[in-house]
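Read the structure below first, then the notes.
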Amino acid sequence: MYQAPGATLLSANRPPGGAMTNVKLSMNYFSTHHQGDRDMAAYALFRNLSVNDAEGLAKYRANVPAIVQAAGGRYIVRGGAWDTIEGPADVPPILIEFASMDALNKWYHSKEYRPWRELRHRSAKYYAIFMDGYTPPKAVEN
């Protein structure tokens with residue numbers, strides 16, 4: 001398993017022949033190496049693992065895009081055609097872009113999104129990952 005420099009694997013469960021579940025990482029690498037990059041684009045990646053209330057999830061999906069847009073976010077990936085090339089994936093992920101990690105966290109913890117987040121938690125199980133975008137290093141001039 002790949003592990004970013006500075007990231008520490010705290011725990012993981014992997015049944016024989018199965019995918020890892022309940023992975024917990026200490027992401028010191030990201031918190032220390034990107035402190036000065038708080039204004040770079042940030043992304044929320046959501047992957048649906050299971051649904052226990054399809055009607056509730058449909059209501060969530062119909063209402064949340066307007067809240068994302070009002071908070072300055074935009075969907076990069078949401079549905080559409082897809083192919084699984086490696087690993088187990090039975091549904092495509094959702095990728096939302098925000099101007100910064102601060103803007104992403106403000107949306108996620110906002111009073112406008114809170115009831116919808118709670119509905120999603122009741123309706124389905126997801127992985128949710130927040131990550132900084134990549135800014136390539138600036139070229140050094142001679």
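FYI, the numbering just counts along the sequence from 1.
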Of the non-hydrogen atoms in [X] and [Y], which two are nearest, and what is the gap between them?
| X | Y | result |
| --- | --- | --- |
| Ala103 | Ala99 | CB-N, 4.4 Å |
| Ala42 | Leu104 | CB-CD2, 4.2 Å |
| Val68 | Arg74 | CG1-N, 4.1 Å |
| Tyr134 | Pro137 | OH-CD, 3.4 Å |
| His109 | Arg117 | CA-NH1, 3.8 Å |

Inset, instruction - Might you work through the side chain to side chain contact (heavy atoms under 4.5 Å, CB included) test for Leu45 and Tyr127, ending with a clear yes or no? - result: CA-CA 8 Å; Leu45 178 72; Tyr127 280 145; over 6 Å; no
Legend entry - Same apolar cluster (I L V M F W Y, side chains within < 4.5 Å links), Trp116/Ile94: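 Looking at the clustering, Ile94 is in the same group as Trp116.
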Compare all side-chain heavy atoms of [X] with those of [Y] and state whether any distance is below 4.5 angstrom.
| X | Y | value |
| --- | --- | --- |
| Asn105 | Phe98 | no |
| Ser123 | Lys59 | no |
| Tyr60 | Arg122 | no |

Inset, instruction - Carefully, step by step, assess Tyr75 and Val64 under the rule side chain to side chain contact (heavy atoms under 4.5 Å, CB included). - result: CA-CA 11 Å; Tyr75 285 88; Val64 168; 3.8 Å; yes
Inset, instruction - Name the orientation class of the two ring planes belonging to Phe130 and Phe46 (parallel below 30°, tilted from 30 to 60°, perpendicular beyond 60°). - result: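 The rings of Phe130 and Phe46 stand perpendicular, inter-plane angle above 60°.
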Legend entry - Gap between atom OH of Tyr43 and atom CE of Met101 - 0.5 Å precision: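 Those atoms lie 11.0 Å apart.
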Legend entry - For Asn48, side-chain contact (heavy atoms from CB on, under 4.5 Å) partners two or more places apart: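 With neighbours one apart ignored, the set is Val51, Leu57, Arg61, Val91, Ala124, Tyr126.
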Inset, instruction - Please lay out, stage by stage, how Glu97 and Leu95 fare under the test side chain to side chain contact (heavy atoms under 4.5 Å, CB included). - result: CA-CA 7 Å; Glu97 179 184 55; Leu95 184 64; over 6 Å; no
Inset, instruction - Count the heavy atoms belonging to other residues, nucleotides or ligands that lie under 6.0 Å from CD of Glu118, then report whether that count exceeds 12. - result: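 Yes, enclosed.
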Legend entry - side chain to side chain contact (heavy atoms under 4.5 Å, CB included) evaluation trace for Ile67 with Trp107: CA-CA 8 Å; Ile67 297 167; Trp107 162 75; 3.8 Å; yes
